[in-house]
Amino acid sequence: MTLYRATFMHTPENPFSTPDALRVQEDGALLVEEGRILASGSYAEVRVLQPRAEVVDLRGGILLPGFIDTHVHYPQVRVLGGLGMELLEWLDQNTLPEEARLSDPAYARAVAREFLSALAANGTTTALVFGSHYACAMDVFFEEAARTGLRVVAGQVVADRLLRPELHTTPEHAYAEGKALIERWHGVGRILYAVTPRFALSASEGLLDACGALMGEFEGVRLTSHINENPREVETVLALFPSARDYLDPYERAGLIGRRSVLAHNVHPTGRELAAMAAHRCAVAHCPCSNAALGSGLFPLRRHLEAGVHVALGTDVAGGTGFSMLKEGLQAYFMQQLLGAAGVPLGPERLLYLATRAGAQALDLHELTGDFSVGKAFDAVYLRPPEGTPLDIAWRHAATPERALAALFTLGTAQDVAGVWVAGEAVFRAQAASQEVRS
Ligand code: GUN
Ligand code: ZN
């Protein structure tokens, strides 16, 4: 049994519908056994329950639930920084040539290691990962993910038109390779499988139907794809599916949309699409850094919330600008500010929720992770800024915990991540902070 002593914060309730949803425990403790939280409260209260439990002393920083990134591309870690293009040109020039290199499993393994290390170093404990077009690159990815201990929901990306010929499959192959990968990996350790058509632009009806067949056959697999990201992309999709009502329609017709579906972007939705998404209870991964970098547009969060569509956050590496969910939260805040009256105010408790609990909900993993309620897994990130940095200074002078959390989203980076745990296992430990993170 281990007792983690720390000031911790979390959002077990939804701050978009519940006032004062930020829970703060100063000098608190979480008692953890076999990776699960057994008790939580002040250090004094919890200590008496188990006076002999080993104590990990995390005073001096803030402990948060591990971040949950609901949209991030594994094969794109080496092409971060491709600025100056919109989506379709960026795919063609910056991204798809690199994705083709993952046909070599040794190359794919090196990329997988870089990718997974970056997730952990940024405090991300669970990720919905857009995979590679190659089944062999997914095998090496899942092998590496299993070694890290991170919670990973991922799948082979499939497309059968308009990319590059070497990235194209057929409906028959997509089904057969997907089935084999699901049978090998879904539910192994902390891995879950996500059926992943790249986007309707690169998918025939037959390919979407093959994805639908996998969804129908395998209980519990997730679905992820892109939708309504860029006006030129939307126009192309509507031309490719002339009888479709909108971008969502081909996905719905193939049986892809439900409670365990997460669609990235949705910057340009119609009212019909938002109503249908709410009815299907699917989630949207909002990726504000990507939306800004690719000039995709300002995400209509208010319309999503008013329609009852669940929204979480994603970094969208490499359309986005890196792995930090703190930066992603700040960018979400900026973009809602820029929308003026049409925007939604994103106070620090909403940013924390979007980066943690909302992601767990989107992935239907909220019974397991996303906050520090008793019974949940101990998935956590310990933030402790180096002395004298602007965040350290802001924390020393923060008038309230809310102000400290706002300063974290404003100033925090990977350099402030001192330790990361999944189910009580350390998956990242900063070198310089080794004295602080004792276990
Ligand atoms: N749409 C289709 N593929 C991609 C991708 O790799 N990144 C983004 N942002 N949008 C996409
Ligand atoms: Zn994406």
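Count residues from 1 along the sequence. Counting starts at 1 for both ligands and their atoms, following the listed order.
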**Q** Report the distance from atom CG of Leu365 to atom CZ of Arg260, rounding to the nearest 0.5 Å.
**A** 8.0 Å
**Q** Give me the ring orientation class for Phe299 and His286: parallel if the planes are under 30° apart, tilted from 30 to 60°, perpendicular past 60°.
**A** parallel
**Q** For atom 6 (O) of ligand 1, what is the nearest protein heavy atom, given as residue, atom name and distance?
**A** Arg198 NH2, 2.6 Å
**Q** Could you establish whether Glu233 and ligand 1 come within less than 4.0 Å of each other, counting only heavy atoms on the residue side?
**A** no
**Q** Identify whether NZ of Lys or CZ of Arg in Arg78 sits under 6.0 Å from the centre of the six-membered ring of Tyr107 and within 45° of that ring's axis.
**A** yes
**Q** For atom 7 (N) of ligand 1, what's the nearest protein heavy atom and its distance?
**A** Trp90 CZ3, 3.5 Å
**Q** CD of Glu205: more than 12 outside heavy atoms within 6.0 angstrom?
**A** no
**Q** Between Glu99, Gln76, His226, His265, which one has a non-hydrogen atom sitting closest to atom 1 (N) of ligand 1?
**A** His226
**Q** Could you tally the protein N/O/S atoms lying less than 2.8 Å away from the Zn ion (ligand 2)?
**A** 4
**Q** Between Trp421 and Tyr4, how do the two ring planes meet: parallel, tilted or perpendicular, split at 30° and 60°?
**A** perpendicular
**Q** Among Glu229, His71, His73, whose heavy atom sits nearest atom 5 (C) of ligand 1?
**A** His73
**Q** For ligand 1, is there an N or O atom under 3.5 Å from any N or O atom of Thr95?
**A** no
**Q** Regarding His265 and Asn228, do their side chains bring together a donor and an acceptor under 3.5 Å, going by distance alone?
**A** no
**Q** Give the ring-plane orientation class for Phe8 versus His10, where under 30° counts as parallel, over 60° as perpendicular and anything between as tilted.
**A** perpendicular
**Q** Determine yes or no for a side-chain-to-main-chain donor-acceptor pair under 3.5 angstrom, with Lys327 supplying the side chain and Thr321 the backbone.
**A** yes
**Q** Could you list the atoms of ligand 1 found under 4.0 angstrom from a heavy atom of Leu87?
**A** 8 (C), 10 (N), 11 (C)
**Q** According to the interplanar angle, ranging from 0 to 90°, do the rings of Phe323 and Phe115 count as parallel (below 30°), tilted (30 to 60°) or perpendicular (above 60°)?
**A** perpendicular
**Q** I'd like to know whether ligand 1 has Phe130 as a neighbour, heavy-atom separation below 4.0 Å.
**A** no
**Q** Check whether more than 12 heavy atoms from other residues, nucleotides or ligands sit under 6.0 Å from atom CZ of Arg403, and answer yes or no.
**A** no
**Q** Between Gln76 and Ala318 (side chain of the first, backbone of the second, donor and acceptor by atom type, cut-off under 3.5 Å), is there such a pair?
**A** yes
**Q** Which part of Leu91 is near ligand 1, with near meaning a heavy atom under 4.0 Å away: side chain, backbone, both or neither?
**A** side chain
**Q** With nothing but distance in play, are any N or O atoms of Asp316 less than 3.5 Å from an N or O of ligand 1?
**A** yes
